[in-house]
2 protein chains.
Amino acid sequence: MSLFQELMVKNGSNVLLEAGDHAFMQGDSDSNIYFVQSGLLKAYYIRSDGKEHIKSFLPEGSIIGSMVALVDGDPCTFSLVASEPTVAIALPYKVLADAAQSDNGLANALVGFLGTYGKRKEQREYQLLSMSAEDRFALLVETMPDIAGRVSQADLASYIGITPQALSRIKRRLK
Amino acid sequence: MSLFQELMVKNGSNVLLEAGDHAFMQGDSDSNIYFVQSGLLKAYYIRSDGKEHIKSFLPEGSIIGSMVALVDGDPCTFSLVASEPTVAIALPYKVLADAAQSDNGLANALVGFLGTYGKRKEQREYQLLSMSAEDRFALLVETMPDIAGRVSQADLASYIGITPQALSRIKRRLK
DNA sequence: GCGACAAATGAACCTCGGTTAATTACGGCG
DNA sequence: CGCCGTAATTAACCGAGGTTCATTTGTCGC
């Protein structure tokens with residue numbers, strides 16, 4: 001476990017979520033960082049036309065928070081919901097950022113976390129810009145094989161950025 | 001100018017680029033952070049099928065580097081090229097990260113930079129997942145009006161994720 | 001095993017953007 | 001001014017994915 005994760009366990013508070021419970025909703029002011037201990041979270045957007053788009057799946061070991069809410073205290077741009085019974089640890093980012101002002105080890109742990117986060121988003125941007133829906137599905141199955149079995153087809157499709165029907169078509173093509 | 005930017009100016013080295021010159025190419029091991037002083041850089045991917053996709057435009061004041069190269073020393077996942085004569089300041093990330101181990105101010109400056117980077121990527125992810133090509137074009141014109149005039153239609157289209165022909169159609173629809 | 005509800009699939013039709021190729025601006029520059 | 005190369009536009013056709021709705025497959029409770 002990384003230094004950063006140890007810090008979260010030591011200083012954070014436990015959050016228990018049943019499937020369907022929200023950690024926070026789009027528009028909330030929630031500047032907590034969440035560290036998933038067990039279960040599965042989904043981060044998703046609600047668009048102006050009411051449609052949902054899944055941003056990411058967050059299984060055990062994931063760390064998540066709305067970056068704009070963390071950095072600027074703006075309202076969260078997405079919602080975070082449990083799709084299985086989940087145990088997570090929550091810690092206000094401000095606590096970390098403030099403590100980092102005087103604790104160099106913590107500041108560097110934060111650097112590590114933010115660097116990893118940026119790296120993940122860079123990869124996601126590449127996938128969205130440069131890969132077809134079919135490629136993104138194949139990649140998801142390859143890199144997160146367990147997730148593909150744990151969530152509904154509708155959620156998988158929403159993550160890839162297409163409708164369940166289109167995903168069904170893709171699966172048929174692949175066989 | 002932020003503390004982080006001042007640090008870059010003080011410790012970095014100048015890089016002069018003519019239009020068309022590359023700071024680094026996809027696949028290079030370049031773990032420099034670049035701070036654009038004047039001019040305009042383009043960051044772009046080359047896909048396996050040879051097509052280009054523009055990741056971002058970087059006018060004066062921008063800070064950029066390949067996060068996977070910075071964090072892990074992996075090969076850069078994109079190329080960085082000047083689309084106008086450009087002056088930038090380059091500084092190896094490792095220098096920063098190492099110095100941050102013992103310099104708390106620097107560590108926190110890094111936290112600020114990485115937080116801003118993550119925030120931008122979060123917004124970009126939202127745009128790619130939840131907005132149509134037409135919406136993304138309107139947003140680009142609104143948020144970076146100067147860029148729309150400084151680069152070719154083909155580059156604009158590539159940034160939005162469509163072909164120049166499709167962008168031309170969109171412009172006609174909007175009139 | 002059976003009924004009921006949700007999830008997944010399938011089919012028919014439509015729209016948007018890609019592809020290819022032709023046509024029309026729009027600069028330099030001799 | 002006329003020539004030429006590039007960028008931008010337009011048109012015709014195609015295919016992937018969206019939309020809507022019907023059908024099938026699961027799965028849970030009884």
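Only heavy atoms go into these numbers, but all of them, side chains included; no hydrogens, no water, no symmetry mates. Chain A is the first sequence line, chain B the second, and so forth, proteins listed ahead of strands; every chain is numbered from 1.
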Flag for Gln26(A)-Thr77(A): side-chain donor and acceptor within less than 3.5 Å: no

Modelled atom types, side-chain donor and acceptor of Glu122(A) and Ser66(B), under 3.5 Å: yes

With Val81(A) via side chain to side chain contact (heavy atoms under 4.5 Å, CB included) - residues at least two apart: His22(A), Lys42(A), Tyr44(A)

Boundaries of the DNA chain C segment in contact with chain A, non-hydrogen, under 4.0 Å: dA8(C) to dA12(C)

Closest approach of Ala133(A) to Ile162(A) (non-hydrogen atoms, all atoms of both residues): CB-CG2, 3.7 Å

Closest non-hydrogen atom pair, Asn32(B) against Pro92(B): OD1-N, 3.1 Å

Nucleotide-resolved protein contact map, nucleotides 7-14 of chain D, B/S/- at heavy-atom distance under 4.0 Å: -SSBSB--

Evaluation steps, salt bridge (charged side-chain N to carboxylate O under 4.0 Å, His left out), between Glu125(A) and Lys119(A): CA-CA 10 Å; Glu125(A) 181 184 54; Lys119(A) 217 180 61 180; over 6 Å; no

Aromatic plane relationship, Tyr45(B) with Tyr126(A) - under 30° parallel, 30 to 60° tilted, over 60° perpendicular: perpendicular

Residue pair Ile33(A) / Ile63(A), side-chain heavy-atom distance below 4.5 Å: yes

Residue pair Leu80(B) / Met25(B), side-chain heavy-atom distance below 4.5 Å: no

Terminal axis angle for the helix from dG1(C)-dC30(D) to dG30(C)-dC1(D), five pairs an end, nearest 10 degrees: 30°

Gap between atoms CD1 and C1', on Ile170(A) and dG17(D) respectively (whole Å): 8 Å

Nearest-angstrom distance from the residue atom CD1 of Ile160(A) to C1' of dG17(D): 13 Å

Cation-pi, Phe113(A) ring and Arg120(A) (6.0 angstrom, 45 degrees): no

Qualifying residues under ring-ring contact (aromatic ring centres under 6.0 Å, His included), relative to Tyr117(B), sequence neighbours excluded: none

Nucleic acid contacts - residues 124-141 of chain B versus DNA chain D, non-hydrogen atoms under 4.0 Å: none

Name of the residue among Ile147(A), Leu40(A), Ile54(A) meeting side chain to side chain contact (heavy atoms under 4.5 Å, CB included) with Ser83(A): Leu40(A)

Aromatic ring proximity, centroids under 6.0 angstrom, Phe4(B) and Phe35(B): no

